[in-house]
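Okay, structure first, notes after.
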Amino acid sequence: MPEEIQTTQMPNAEARPDRYDPRTIEEKWTAQWANDPELYASEPHSDKKKFYVLEMLPYPSGALHMGHVRNYSIGDALARFMWMSGYNVLHPMGWDSFGLPAENAAIKNQRQPKEWTLSNIAAMKKQMKRLGFAYDWSKEVTTCLPDYYRWNQWFFLKFYERGLAYKRKSKVNWCPECATVLANEQVVDSCCWRHETTRVEQRELEQWFFRITNYAEELLKDLDQLEGWPEKVKTMQRNWIGRSEGALVTFKLDGPAGPHGDSITVFTTRIDTIFGATSLQLAPEHPIATDLIAGNAELLASVEELMAQQRAAKEVGDIGAIEKHGVNTGAFAINPFNGEKVPIWIANYILMDYGTGAIMSVPAHDERDYEFAEKYGIEKRVVVLPRRVGEPPAAGQPETNVLPYSGTDSLLINSGEFTGLPVQEALVKMAKFAEEHGFGKATVTYRLKDWGISRQRYWGTPIPMLYCGKCGVVPVPEHQLPVLLPENVEITLAGGSPLTRAADWLNTTCPRCGGPATRDTDTMDTFVDSSWYFYRYTNPQLTTAPVDTKTIDYWFPIDQYIGGVEHAILHLIYSRFWTKVMRDLGLVHNSEPVTRLFTQGMVIKDGAKMSKSLGNLVSPDDMVARYGADATRMYTLFAAPPDRDMDWQDAGVEGVSRFLARVYRLIAQNPMANCGASNYSLGDLSPQGKKVARKLHQTIKRITDELNGRWHFNTCVAALMEFVNECYAAPELFASPKPGVEQTFVSDAQRKLVLLLQPFAPYLAHEMWTMLGEQGNLLRAPWPKYDPALAKEEVVEIVVQVNGKIRSKLTVSTDATDDEVKALALADEKVRAAIEGKEIVKIVVVPRKLVNIVVK
RNA sequence: GCGAAAGUGGCGGAAUUGGCAGACGCACCAGACUUAGGAUCUGGCGGGUAACCCCCGUGAGGGUUCGAGUCCCUCCUUUCGCACCA
């Protein structure tokens, strides 16, 4: 039916089938989906392939931003595609809802954190539903509710039983802005990860720690198995774990023992160079250093200065640029390998929190030691040959050059009984020698530190520990869980944990002796919440255990995790650690939580990441109101490949919206009943019909390949646009197909277009699905298959080059042989003009692509 | 300093294994339909050129190849990660 006739018949604009009105369509379906909780529900199903697709859960700040929309649009497209591909899909969502912003809001707006958080959740959930994301809300997890955080406490007790949770006094990173402790992972360039310009201070506090270092080796080793993870993330984790193989060697002091003992233990990765050690260097805070300078005011002052220099360098975040300074203590230690006395120095570039806080200095073979020795005139003694094993000495080069060659494939010299050994062998033998003689051993050091989880904050999981005057530290018995977070507590940022002021809650009885006891007033780092939430999704209402192992066995590991790269170390290393502990507790059987990880790019506007402070935010609500959820979502997929940063342009959404309107009109002008058969052949169609059919099947192939492969959804959308353009090139075909095969084809093409659209623009797809008279659930309709016979072109354009320059183009049958193509090319007028009078050296034929005639 | 990724029209981006550079979209220009158009449809749109043929063109320079955005080398720029870790 011609468009203009239809439009004049329509009583009101809203219902005009030539007018795409996303708002009416989307609100209708939002309501319908809300009434159908089974739609996205997924339960374990023994005879169905599962697919667990997960997007990182948001912090309920109050409103979604475009970064969220992009993240969830990627995951949703995948989930929808996998459903249509026949998988049993788990696609849950939840709320990482403990944390400081709720407390700030409480102070600022006089609202309770709980009320503030829950109302934010309600608002954001509504936004998500309006955007049409296909989440199974029956699996929703809200980490700030006792249903969830009681299991944090349960895990804490299990960790404690296993010695994986312990308390110690330690120097901690303190953010004055947050008024709480930060984990090492939360300190970025010496500043708070939340307050990027706030310098972190060092404070001494009693803290609970999780012994993640017990798993350092496994966390490192298992990275090799994570083939579906970006190399970049794995590299960041490897750097963070920072494994270093070496040896500990103990040097006895050449003098009386002080309060901190009579020896210095150094960590070295080059024990083979120990005969070249001409001094020891201690960190300014090293206990022995304290002993050695005690009572010497001059030394004390110098060391204070070294400490200040180190602190300053750390604050700038560039300890690497520190200018080396040191002081000679005048004391000596004995090198246990040769009995030599070596001077003990204190230096500003030695870090107390790495290794043992003490090194042996070998100026001849270490650049840093060289620099230091140059400055202070310390002897440089060569103990490794300046060349590889088997290499003859270079002519004119001294056999014992300082800093000659830093490789470990050389030979030792001047090293007592170890002289002549290759370095690699010496490393092993000398560590063994030290161990046999009781002054050292081979060891491995990590940069990774235990995870400090105590936070002096209110809005978090209470740590389930008690302090009894008689019994000391006592865990809350399991049956008393949860330790509920008390409500209506006065919240201030200063003055330690607000929980210290909740007297009723704070004072309790000791479960061991029945005497008075007080609760731990700290709460857990929120990264505890996000370390295992994805397990809880599988069975969020379970009251007897954190998870049901059988259910986990079905769903895990997560097939696809999608989120920002900013979580490469924090969240993603904690989650891996937690999984390994859960495995050791017998709760899960997988050792890694995530098979494939995808890190999407940021949303950029006007050259910078969208942020409130820059004022370049684009509100998803505004976009949805103006263009609809489908257009907004589809644009986030269209603007760039999902792993790259995308540049937001309002006009771009409009373009996508126009495309959706074109799709709508294409089908709405003449929605056809299901003709059943889809087995037409090209020969039955008109030339126009053939072109459309070919394009359709090529489009199916392109989109299917992308969804199964590299995920360049931008080209999927482009492919859909190309197909629709092809349809518009033959306007009568869709408007009034001829009875018979043509109608069958158009009916089929309409359906396939809707199916292909579903992952990217679900609202419009559902609307058109019913418009076509289909009753079944579109989300479970089978993904269309492409027919290679239909996708194949009959003729192909061949480029003819002469010496690599395009001279002509030929249209030949796809089945033409190389010789036929060659003959056609040589017969071509333009080609003949180009090669006239020249000798043909060679003719290259690339089937279905080109001919290159090489002449001279 | 070390390592990784990237650099293509006015803009976002395409070109999956070396084979027509610029798909698709935005912006812009012209036309059609219209009382009107910020709707819709049609066409154009890298640069040089009045235009055709043609020449040039994927950060710069070299190389391999019949043929290079794609592979190799050197350099430049941007982004990210690491950086006295002994």
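Labels below follow one simple rule: chain letters A, B, ... track the order of the sequence lines, proteins then strands, and each chain is numbered from 1.
- Listed pair R710(A) / A15(B) meets the phosphate criterion, a side-chain N or O lying under 4.0 Å from OP1 or OP2.
- You'll find that the side chain of Q649(A) is closest to C11(B), out of C20(B), C11(B), G19(B).
- Contact between the side-chain N/O atoms of R644(A) and the OP1/OP2 oxygens of U79(B) is not found at any separation under 4.0 Å.
- Comparing A86(B), C26(B), C66(B) by their closest approach to the side chain of V854(A) singles out C66(B).
- Residue contacts shown for R238(A) are absent, as no nucleic acid heavy atom lies under 4.0 Å away.
- One finds a salt bridge joining D224(A) and R238(A) here, because a Lys/Arg side-chain nitrogen approaches an Asp/Glu carboxylate oxygen to under 4.0 Å.
- The nucleotide whose nearest atom lies closest to any side-chain atom of E706(A) is, among G12(B), A83(B), U16(B), U16(B).
- Counting to the nearest Å, the P atom of C11(B) and the CG atom of D647(A) are 11 Å from each other.
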Show which side-chain atoms of residues 717-726 of chain A pair as donor or acceptor with protein atoms under 3.5 Å away, not counting sequence neighbours.
residue : atom : partner : partner atom : Å
E722(A) : OE1  : K695(A) : NZ           : 2.9
E722(A) : OE2  : R702(A) : NH1          : 3.3
N725(A) : OD1  : R662(A) : NH2          : 2.8
N725(A) : ND2  : M721(A) : O            : 3.4

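- Nearest to the side chain of E722(A), among C20(B), A27(B), C24(B), sits C24(B).
- Side-chain N/O atoms of S244(A) include one lying less than 4.0 angstrom from OP1 or OP2 on A86(B).
- Looking at heavy-atom distances under 4.0 Å, I350(A) makes contact with a base.
- Residue contacts shown for P731(A) are absent, as no nucleic acid heavy atom lies under 4.0 Å away.
- A donor-acceptor contact closer than 3.5 angstrom is absent between the side chains of Q309(A) and E323(A).
- Taking atom C1' on both G48(B) and G67(B), the two are 25 Å apart, rounded to the nearest angstrom.
- Nucleotides C52(B) and U65(B) place their P atoms 37 Å apart, quoted to the nearest Å.
- Nearest nucleotide to the Q801(A) side chain, out of G81(B), G19(B), G12(B): G19(B).
- At distances below 3.5 Å, at least one donor-acceptor pair connects side-chain atoms of Y376(A) with backbone N or O atoms of G326(A).
- Listed pair R662(A) / A39(B) fails the phosphate criterion, with no side-chain N or O lying under 4.0 Å from OP1 or OP2.
- The CZ-C1' distance, from R807(A) to G67(B), rounds to 14 Å in whole Å.
- Atom C1' of G46(B) sits at a distance of 10 Å from the matching atom of U8(B), rounded to the whole Å.
- When heavy atoms are screened at a 4.0 angstrom cut-off, D645(A) is found touching the sugar-phosphate backbone but no base atom.
- Taking side-chain N and O atoms only, N239(A) has no distance below 4.0 Å to OP1 or OP2 of G3(B).
- Ring-plane geometry between Y664(A) and Y20(A) is classed as tilted, the angle between the planes lying from 30 to 60 degrees on a 0 to 90 degree scale.
- Atom OH of Y728(A) and atom P of U40(B) are 10 Å apart (whole Å).
- The residue T715(A) sits close only to the backbone: its heavy atoms come under 4.0 Å of sugar-phosphate atoms, none of a base.
- Rounded to the nearest Å, the gap between the P atom of A21(B) and that of C82(B) is 42 Å.
- At distances below 3.5 Å, at least one donor-acceptor pair connects side-chain atoms of Q237(A) with backbone N or O atoms of A568(A).
- Atom CD1 of I840(A) is separated from atom P of C66(B) by 17 Å (rounded to the nearest Å).
- Regarding L850(A), its CG atom lies at a distance of 12 Å from the P atom of A68(B), rounded to whole Å.
- With a glycosidic angle more than 90° from 0, G57(B) adopts the anti conformation.
- The phosphate of A14(B) (OP1 or OP2) has a side-chain N or O of N714(A) nearer than 4.0 angstrom.
- Rounded to a whole angstrom, the distance from the P atom of G38(B) to that of C53(B) is 35 Å.
- With a 3.5 Å ceiling on both atom-pair distances, the Watson-Crick or G-U wobble partner of G3(B) is C80(B).
- Nucleotide U16(B) holds its P atom 11 Å from the CZ atom of R702(A), rounded to whole Å.
- Among the protein residues, E797(A) comes within range of the nucleic acid bases, having at least one heavy atom under 4.0 Å from a base atom.
- The C1' atoms of G7(B) and A14(B) are separated by 16 Å, rounded to the nearest whole Å.
- Considering only side-chain atoms of R658(A), the nucleotide from A86(B), C24(B), U40(B) that sits closest is U40(B).
- Taking the nucleotide of RNA chain B with the nearest heavy atom to each of G652(A) and N852(A), the more 5' of the two is matched to G652(A).
- The interatomic distance linking I359(A) (CD1) with A86(B) (P) rounds to 11 Å, in whole Å.
- U70(B) and A6(B) have their C1' atoms separated by 14 Å, with the value rounded to a whole Å.
- Where I853(A) and K805(A) each meet RNA chain B at their nearest nucleotide, the meeting point lying more 5' is that of K805(A).
- Ion pairing of R832(A) with E829(A) is absent here, as no side-chain N (NZ or NE/NH1/NH2) approaches a carboxylate O to less than 4.0 Å.
- Contacts of F638(A) with the nucleic acid, taken as non-hydrogen atoms under 4.0 Å apart, include base atoms.
- When both pairing distances are held under 3.5 Å, G18(B) makes no Watson-Crick or G-U pair with any nucleotide shown.
- Pairing for C28(B) goes to G44(B), judged as Watson-Crick or G-U wobble with the two contacts each under 3.5 Å.
- The six-membered or imidazole ring of F734(A) lies away from that of Y728(A), with a centre-to-centre distance of 6.0 Å or more.
- Evaluation of the salt bridge (charged side-chain N to carboxylate O under 4.0 Å, His left out) rule for E820(A) yields no partner, not counting sequence neighbours.
- K842(A) has a side-chain polar atom (N or O) that falls below the 4.0 Å cut-off from OP1 or OP2 of C66(B).
- Nucleotides G59(B) and A27(B) have their C1' atoms positioned 25 Å apart, rounded to a whole Å.
- Residue R665(A) has a polar side-chain atom (N or O) positioned under 4.0 Å from OP1 or OP2 of C41(B).
- The shortest distance between the side-chain N/O atoms of K609(A) and the OP1/OP2 oxygens of C80(B) is not below 4.0 Å.
- Nucleic acid contact class of D369(A) (heavy atoms, under 4.0 Å, all strands): none.
- Using a 4.0 Å heavy-atom criterion, one finds that G242(A) contacts no nucleic acid atom at all.
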